[in-house]
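Since the structure comes first, as structure tokens, the remarks are kept for the end.
Naming: A, B, ... by sequence-line order, numbering from 1 per chain.
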Amino acid sequence: MIRFKAILMIGALAGATAGVALAQATVKVEPASVNGPRPLAEQTAQAVIRDYLESWQSLSAAFDQDRADLLDADFVGDARDKLAQAIRDQSQMAVSTRYQDRAHDVQIVFYSPEGLSIELSDTVDYDVQLMDHDKPLGTQHVHARYLVVLTPSELQWRVRILQAQAG
Amino acid sequence: MSDGSENGGAMLAVVLIAATIAFVVIGTMWPTKAALAYTGGQGLTSSSSTPEAAVQNLGDEIRASAWQKAYDGLANKAQFTEQEFEHDLKGYYPSLRTYATLDRFEVFPLHASDSDAEVRLKLYWSSVVGISEGTRDLHVVRAGDRWQVEWPIVKKPVVPPQVIPVNYLRWDVIYRGAGDDWGAQDVEAPHVRIVDMRPVERAEGVVILGELLNEDVVPAYVSVNATLIGKNQQPIATEGSFDKISHLLLPKQVTPFLINFPNATLADVGSVRMTPFSTLVPASADPVIEIDNEKLNPAPDASLTGQVINQSGQVVNVAHVLGTFYDSTGHLVWVADEYLDRALLPQTPESFNIHIPEDLARQISSERTIVSTYSSGGSV
Amino acid sequence: MQKTELLERSQRPLPLSLLLMAAVAVHLPLLLMKLPLKSYDTNFHIFFASHYLHHWWDPWNPKWYAGFSQTTYPPLPQQWVAVVSHVLGLEMAYMAVQLAAILLLVVGVYRFATLWVSPRAASYAALASVFLGSESFLVYSAGQLGTTAAAPLYLNALPFLFSWVRRGSGRSFIKAVALFTAAAAAHHATLLFGSFFFALPVLALAYLDRDEDGERVAPPAFFARTLAIIAIVGAAIAVVLLPFWIALIHYPVTQTPIPHPSRANYILSPQWGMNYFVVPYGALILALPFVFWRGSTEKHLRPLLLGFWVAFLLGLGGTTPVGPVLLGRAFNVLTMERFSYWATLLALPIVGVLAVELVARFRMRAAVSLTILAAFTCALAVGWTTYHPADAEDFDVSPVAAWLNRDGHDQYRYVTLGFGNKISRLAMMTDAGSVDGEWNSGRMLPELTRYGGGALTSSKYFGTAGLEALRAMLMHADHYGLKWVFVRDEYYDPLLTFAGWRPVDHLNDGTITIWSKDGVPPAQPLNAPQIPPHWQDVIWGVCPFGSSIVAILVLLIPEKRRQAAEARYPAVRDGELGLGRMVS
Amino acid sequence: MRTPWAILLGGVAGFVGQLIFAQSNQLTLPAMVEAGSAFSIETAGSGQGTLYVAGLGQVIRKDVELGKTAWFPAGSLYDAGRYVVILEASGNSESGILDVAPQTKPASLSFLARPSRLPIALHNGITGAVYVFDAYKNLVTAPTPVSFALSSPSGAAQTRTVTAKDGAAWTAMDSTAKQGADKFVAEDDDIASTRVIGQVPGDPCGLKMTAKPDGDKVALATDPVRDCSGNAVPDGTIVTFTETYGDTQSTVDVPLKRDIAAVEMPAHNGATITVASGVILGNQIRWEK
């Protein structure tokens, strides 16, 4: 009985830890190393990184709930289309994936001269859990460098390209 | 069931019926405000026993759009038809006045004798763009025991037969269809610039005055927003120029703008953030409007008066005159406007009168006037 | 022997089945034709119902006024429409609920009338209610589902009230409480004013009759029972409509009054006299002298007559000074046609007596004449929607809804101009939100409440007030994410042009122009403090609808066979009406 | 299930599964594949299994026979990125990582050229930024040379070649001295994208009008209106004539037509007439009959 209680407590602690981890990934922002003539205002940089990090929440929710419409707020263009395609794929196969970002190391690398795009690189640590008909198949930790292009919309920056680099 | 109480019952019936009739009579003889709203302000007890009462009745009838009744009561109705009378008030061509309703009116006696009188009738028309005023000085004559109005009819203006070539420029825009436009050929918005801006404190709040220039080579559809930023760097309020601007600017054209911030005080404002918007739109350089005889009239009743002349062959249904006022050093002092509620016919002058606040009139030494127009199509 | 039977038959009430069949025969075809859809408010009720259909547990409706709470309007009929719509669809569900209200009215009028007149006269009154001009006017021209659903519930509650105060019947007490509460959940104004016009006369009758049927009731007991039922009903209504009261207390209706032609003087403005007096009363106008005479001369009818008289005077709107004096500010908030409706319901028992006496005296001639007059009255009120339609022109709003629902247009709010009461229908069909709406008491936006105009879509009809409200709203378009204006009336074009809006598209063969403003940010949910907390959502979802279920259940409790009318009019025999079986 | 607990439990299950598979080492993945190319995955053991390939752009599920090679034909996996591969068999699973690289040959360019109109002779006034994509709309991240060329109708051209870094390249160029529509071309390999840049005259320079009597009016006309480089100011540009006489004034906004603005105004003896365009003032005339 005591043993059972101990297991429960450990489980609860682990759950709480997982919950905290779910809510907040660690974020490190490197000083911008901007390729381009346009000066990058501090507020713009902050807004871009904030909107980009929020996009991971949308991405995670969209894959988790099989709802491509949840991408609309933060993704646009090819990035939105490709993510939506993946959600359609998994939905058709009754497969589901859960993405949980753990750490980001972000650096702005390009600000196009006309101000209509910002490219950043993000070295991300995240977990992917795969399930088939709600049966867990496994969770894989992934470490990857992403190249991300964001473009401005009426209220925020939205992700237009989200691509992990090979190797 | 009838018993000794039948007499009392009969009395009750009589009392209730009598009271009902009395209430109806009272309500009809002295209608409530809510009821009067549906009669154009007229009760049953209108009489024309004085010159003012005759004009008051006429005003009520115009307000109720009771054209026939109003026309029938005129002393000089033989000089024009009922239709001409109605058109005189509502316009011969579609204009703001055509669809306006008389919101209220005021009657001012000017002169009176036993047989005739002069009475001023000030009419406040409710149009889609706001209240517009009109004044008629009426000659009222005695006819037996009542008075009748002689209506100073203004007959339909006659435009002489002529040929007016329409050869002005027009810009068309080919828009991209719906869809993602990133990284595709685009035509950007026209370049506009705020060339002057000044915040002013007025009794009703803070007013932002300014001028906006289209410095591009294409027409621009413009508007200006202003945000008052408090001394703590927090926004206080955001307002737009709304109709106190000429939204269509041809290349190198300048418009004044005025933005109202009711209930704000300048003392609370740390800075003002101006946001001009411009969009590329199809436009025509026609009609060209000439502004003649502009004159600054000093206080009291300070105003800018003049005439606008439509140099094109197209009827302009609504004209909006915007005046920009400067002091002797060329600084912006005020922006004011007036809608003309009569259509502008080709080559036919139409007067305007823009009111200037008395306290500012003394500072004003020069002005610039522009006209924006609305046409629903068609020519004379 | 045969003569006696004939006499007895001539004193019998008309069977309830016949009365209900008459109601079905008259109103079912009209409802199947969906005639109420042409009325002023039907689409408004269906719009509310559609929200309950999709968001039963969330009365916050973001589609009008940039968000408003439906707890500002008692929900019972609309919730029933939502429930029935699962089977019939929204429009036919509305018709079904309206038909149920009409049938309940027949029963209610009969039961109410039996308190005052003989069962035969009461059955004539019930039959007259089928043809009642004011009922048809409210159903087919005004579309007042709330009023026409609450009144029958209220009328059905009154005999139980009488039975309780007169005899102390506990079962009647429970039934009265249940029905009064359900009536309040259907329409609050009916309950408030019904207390004065209906309940007070019934209480007065009970007091006047306190010695009549051998069961004497002492005045202290009478008053104690009266106070008890007032307290319990008050408490029940307070709980069932708690979110409504909270909304009313926190956000009282302080907006500038909106003109309504029912407040006109019907003599000075005869067109409104036709609309609000001749049409609702119809041939009943001919009976008014008799109503006054018989109501006065029969001592026990006097409370009924006085209730009728006050409602009658108030129903005359601005024709008399009674309305402004008695109602004060409420005169400029309420619409007056409902008072005429209640007045006609109060007159029906006496009209039933008139009909009985006319038939007894003139037989077939009277029957034929009364039938013609009743048919004329009903036909006039039903046909009035054609001669005085709520909408000048019918048009299809589905292209507008389709336009709003595509290409992300619904990220912004919209307003229509010249759409009349089609805005409810449009709101049902689109995902986009509007800053306009048809429920004036629910709106909180200062641009709308300050000036005294009604719906923005009809701004021009409210003169300066309406246009000022429209200008104020367009001025703050950025704040509300208002990017689209759908215009079906060129009157507004100059304002939009000079205010910086541009036409961007056309719909319905160019009869509707879409205007847009540049630089407007997408609409954001307004953090309105009037959004009800979750516990209110639960109350709103459970209590009002639950009150009607409770009312149905308690009506199944058998009543001791005793009717108020028996003492005065013993002619009624068991089983003749079947009414007791149905409602007891 | 959709709670942190689910993920935690799933993680524990996956970890245990991985331990089991790690011992058996049933899954062999290629180090990297090019987007859209065919590839294979080796499996060990025997029996049936299911292979899952999941990335942000694609998810593939394939039934495989353990111990045999699972073939993925060309075009199966085309979205560049990092994929999680899981082999599930008999309730156990093994996972790994598969990288898909973009193709090296560009197939399309996103060319952001601004502005679409600008005044003539503006240094670095024209900018262009290019993102290079392969046939599957993957950003080509390998360094690749992008050439930019701005050519005017007269034939003069400016060219630059820039190496794209992280898939992006940019340049800035001067607007020419002559008005007209220039072509701005970005090219990578044999893929080109063209934008039209309108080079428009500057503000009017030396605005001058003349006046002559015309009945009871005065006919005013400007000389052909040019900018300081001699380019004609476009037709439609507004020229404002203002006539001041005594304490009154007349104003007309007239659009240029065929380089000239002309208007008739009331002829008042002693009136002063001025001409302006935007904030540029022209000459002044005092009208004497």
Side-chain angles (χ1 to χ4, degrees), chain A residues 11 14-22 35-38 59 63-65 78-79 81-83 85-87 89-90 93-95 97-100 109-110 112-117 119 121 127-132 134 136-140 142-144 146-147 149 161-167, chain D residues 1-15 17-18 21 31-33 50 52 54-61 79-82 84-86 88 93-97 99-102 110 112-115 124 127-129 131 133 137-139 141 165-168 170-172:
Chain A
T17 312
V20 170
L22 261 184
N35 165 29
R38 193 180 181 92
L59 180 155
F63 273 89
D64 190 22
Q65 299 170 34
D78 289 342
D81 295 346
K82 288 180 174 182
L83 292 168
Q85 180 60 48
I87 291 170
D89 288 349
Q90 67 170 27
M93 294 179 287
V95 171
T97 44
R98 285 183 192 152
Y99 287 86
Q100 181 56 60
V109 296
F110 178 60
S112 61
E114 77 299 322
L116 292 182
S117 68
E119 186 178 27
S121 77
D127 293 332
V128 185
Q129 187 196 20
L130 209 64
M131 285 181 289
D132 191 341
D134 286 338
L137 298 170
T139 301
Q140 175 71 46
V142 181
H143 177 81
Y146 273 81
L147 282 175
V149 177
I161 298 168
L162 178 66
Q163 182 177 309
Q165 275 192 299
Chain D
M1 278 297 281
R2 292 180 177 180
T3 61
W5 277 106
I7 287 189
L8 185 72
L9 292 173
V12 171
F15 181 67
Q18 279 180 39
F21 265 89
M32 184 189 295
V33 296
T50 308
Y52 300 88
L56 287 176
Q58 280 184 276
V59 178
I60 296 173
R61 180 181 186 274
D79 186 49
R82 184 153 286 189
V84 171
V85 181
I86 293 182
E88 193 269 345
S93 61
E94 182 183 356
S95 64
I97 296 289
D99 280 338
V100 176
S110 271
L112 309 170
R114 289 290 185 281
N124 278 348
T127 63
Y131 288 94
F133 296 95
K137 295 188 177 176
N138 297 307
L139 192 65
T141 50
K165 186 184 169 194
D166 289 332
W170 69 275
T171 190

**Fill in**
Sorted by chain and number, sequence neighbours left out, ring pair (Phe, Tyr, Trp, His ring centres under 6.0 Å) with A:F63 holds for A:Y99
**Message:** Please determine whether a side-chain nitrogen of the Lys or Arg among D:K137 and A:D81 lies less than 4.0 Å from a carboxylate oxygen of the Asp or Glu.
**Reply:** no
Segment of [X] engaging chain D (4.5 angstrom heavy-atom cut-off):
X      : answer
A:L59  : side chain
A:S117 : both
A:L83  : both

Name the region of [X], side chain, backbone, both or neither, that has any atom closer than 4.5 Å to a heavy atom of chain A.
X      : result
D:L139 : both
D:N124 : neither
D:I97  : side chain
D:P115 : neither

Donor-acceptor under 3.5 Å ([X] side chain, [Y] main chain):
X     : Y      : value
D:R82 : A:H143 : yes
D:S93 : A:L137 : yes
D:Q58 : D:D79  : yes

**Item:** pair A:Q90-A:L130: side-chain heavy atoms closer than 4.5 Å
**Value:** no
Under a 4.5 Å cutoff for heavy-atom pairs, which residue among [options] has the most contacts with chain D?
options                      : value
A:A144, A:S112, A:A79        : A:A144
A:T97, A:V95, A:D132, A:V142 : A:D132
A:A86, A:G115, A:A164        : A:A86

**Message:** For a side-chain contact (heavy atoms from CB on, under 4.5 Å) check, start with the C-alpha distance between A:Q163 and A:D78, then their side-chain angles and the critical distance, and finish with the verdict.
**Reply:** CA-CA 11 Å; A:Q163 182 177 309; A:D78 289 342; over 6 Å; no
**Message:** For chain A, which candidate among D:T141, D:V84, D:T127, D:L56 shows the most heavy-atom pairs at distances under 4.5 Å?
**Reply:**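 The candidate making the most pairs under 4.5 Å is D:L56.
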**Item:** Results of salt bridge (Lys or Arg N to Asp or Glu O under 4.0 Å) for A:R38 - residues two or more places apart only
**Value:** none
